[in-house]
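Here the structure is laid out as structure tokens; the discussion comes afterwards.
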Amino acid sequence: MVTLEDVARQAGVSLATASRVLNGSTRQVGAALRARVEQAADELGYRANIAAQTLARGASNVIGIVVHDLTDPYFAALADGAMRAATTEGLLVMVGTTHRDPEQEIAYVATLHAQRVRAVLLVGSRVADPAVTGRLRDELARYQAGGGRAACVGQDLLGVDTVAPANRQGAAELARALAGLGHTRFAVLAGPPHLVTAADRCAGFTEALEELELPAPQVINGPFDRDGGYAAAQQVGEATCVFAVNDVMAVGALAAYRERGVRVPEDVSVAGFDDIVTLRDHVPALTTVRLPLKDMGARALELALGEEEAVVVEQVAGEVVLRESVRRLA
């Protein structure tokens, strides 16, 4: 593969000069040098790097997307929706993952600001730490003051356009649907208590059971991933139905039950939240709360590119989907 260094060597110029000619820098290069570089590129069959061109021009058509965990299908689906929407707008996308570290999220926003990206899209739950959230909000405000645009998928806590999943409402509707099937003894694989999304889903589910005058569920906290669901499922007591606050945790629970010879749904029912597309073929098919993840990502990008001065907050309701992982008791 021909590199920019090969072109520079062939033309007898510095790498910086070759980059200015071929990657679209606004800095001027003399006509003679430009001709030499372009001739060398033609002779070698060099193809310009679009990403480098964009950064050299001030990144006016770059979008930065920051997610918590790209290995989680939830974030992958949201990012995919945003990236597909960006493609239709002729925009280049840079994706960063924080591995659920809020400090890394703040650092990404500062870096994207320094690179003068056109818009920043943050995808993921806030944490129950007002100081950390305040620092991120301030970093976004500085970025916006410099002309940048921003939006998020998550809670409306950052002062930017927001696509907000109705987590409490969706979990409450799921609790009512499961109770309607005759279940009265529940466990909640609740994820980490400091993560607002996990806490809201657990609270919505628990509050709905209380309104139905059913016993409080067993609540088991742990990591917000497959391994967290696997470990939490092994602590469940006498529940007939287990609610994992996301589908990935539910899959971990199903794996734990399968290894122990516990049958789903004959011995215990399992439900999740999100309706991850890649998990719809799982056996048994998972009862869950469906969120239009790709549409949410696309809508967040649309808001980030909009010109409205007022902050827009859009609530997205989930839809309970009953499948084979839950059985009727009555």
Side-chain angles (χ1 to χ4, degrees), residues 67-81 97 100 123-125 153-154 163-175 177-178 181 183 186-192 195-205 217 219-234 236 239 241-259 262 264-265 268-297 316-327:
V67 303
H68 286 189
D69 182 0
L70 266 180
T71 65
D72 186 324
Y74 173 87
F75 295 105
L78 285 164
D80 182 61
T97 181
R100 304 188 188 278
V123 179
S125 173
V153 177
V163 176
N167 290 310
R168 277 181 180 258
Q169 176 186 335
E173 291 179 359
L174 177 63
L178 297 174
L181 296 176
H183 292 278
F186 293 92
V188 180
L189 313 187
L195 198 66
V196 177
T197 292
D200 282 349
R201 292 177 180 180
C202 180
F205 194 88
V219 176
I220 306 166
N221 294 110
F224 201 54
D225 55 21
R226 181 266 182 199
D227 291 344
Y230 181 94
Q234 301 184 65
V236 172
C241 187
V242 173
F243 166 51
V245 295
N246 69 17
D247 285 350
V248 176
M249 291 185 71
V251 168
L254 290 170
Y257 287 136
R258 184 169 57 250
E259 289 183 8
V262 176
V264 176
V268 64
S269 294
V270 177
F273 198 116
D274 294 327
D275 196 27
I276 301 298
V277 173
T278 55
L279 301 182
R280 290 181 187 171
D281 294 327
H282 196 281
V283 178
L286 184 64
T287 287
T288 188
V289 179
R290 175 181 295 161
L291 289 174
L293 298 176
K294 290 189 178 182
D295 292 343
M296 290 164 59
V316 179
E319 174 190 359
V320 174
V321 182
L322 296 174
R323 298 196 180 107
E324 289 81 1
S325 66
V326 170
R327 74 183 181 101

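Of all the heavy atoms in Ala250 and Ala271, the pair that sits closest is CB-O, 4.1 Å. Scanning both residues, Ala198 and Pro192, for their nearest heavy atoms gives CB-O, 3.8 Å. Considering every non-hydrogen atom in both Pro73 and Thr278, the closest pair reads CB-OG1, 3.8 Å. Shortest non-hydrogen contact noted between Pro165 and Leu291 is CB-CD1, 4.1 Å. Here the closest non-hydrogen pair linking Val236 and Ala187 is CG1-CB, 3.9 Å. Taking every heavy atom of both residues into account, Met249 and Gly191 meet most closely at CE-N, 3.8 Å.
With rounding to the nearest 0.5 angstrom, the OG1 atom of Thr287 is 13.0 Å from the CZ atom of Arg327. Rounding to the nearest 0.5 Å places CG of Leu286 at 12.0 Å from CG of Asp281. With rounding to the nearest 0.5 angstrom, the SG atom of Cys241 is 8.0 Å from the CG atom of Leu181. Residue Leu322 holds its CG atom at 7.5 Å from CG of Leu174, rounded to the nearest 0.5 Å. The CG atom of Leu78 sits 5.5 Å away from the CE atom of Met296 when rounded to the nearest 0.5 Å. Atom CG of Leu178 sits about 5.0 Å away from atom CZ of Phe186, to the nearest 0.5 Å.
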Leu293 and Val277: CA distance, side-chain angles, deciding distance, side chain to side chain contact (heavy atoms under 4.5 Å, CB included) verdict: CA-CA 9 Å; Leu293 298 176; Val277 173; over 6 Å; no
Asp274 vs Arg201, side chain to side chain contact (heavy atoms under 4.5 Å, CB included): CA-CA, chis, key distance, verdict: CA-CA 11 Å; Asp274 294 327; Arg201 292 177 180 180; 2.9 Å; yes
Worked verdict on Val326 versus His183 for side chain to side chain contact (heavy atoms under 4.5 Å, CB included): CA-CA 10 Å; Val326 170; His183 292 278; 4.1 Å; yes
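Annotation: side chain of Asn246 is not in contact with side chain of Tyr74 (no heavy-atom distance under 4.5 Å). Between Val153 and Val316 there is no side-chain heavy-atom pair separated by less than 4.5 Å. Side-chain atoms of Ile276 and His282, non-hydrogen and from C-beta on, never get closer than 4.5 Å to each other. With a 4.5 Å cut-off on side-chain heavy atoms, Phe75 and Thr97 do not count as touching. Inter-residue side-chain proximity for Arg323 and Asp275 is flagged as met; some heavy-atom pair is nearer than 4.5 Å. Looking only at side-chain heavy atoms (C-beta outward), Val219 and Phe205 stay at 4.5 Å or farther from each other. Side-chain contact check for Phe273 versus Val245: every heavy-atom pair is 4.5 Å or farther apart. By the 4.5 Å heavy-atom criterion applied to side chains, Asp72 and Arg100 are counted as neighbours.
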What side-chain donor-acceptor pairs closer than 3.5 Å can you find for residues 223-230, not counting sequence neighbours?
{"residue": "Asp225", "atom": "OD1", "partner": "Asp227", "partner atom": "N", "Å": "3.3"}
{"residue": "Asp225", "atom": "OD1", "partner": "Gly228", "partner atom": "N", "Å": "2.8"}
{"residue": "Tyr230", "atom": "OH", "partner": "Glu259", "partner atom": "OE1", "Å": "2.4"}

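If you run side-chain contact (heavy atoms from CB on, under 4.5 Å) between Leu254 and each of Val270, Val283, Leu279, only Val270 comes through.
Using a distance-only test at 3.5 Å, with no hydrogens or angles considered, no donor-acceptor pair links the side chain of Ser325 to the main chain of Pro284.
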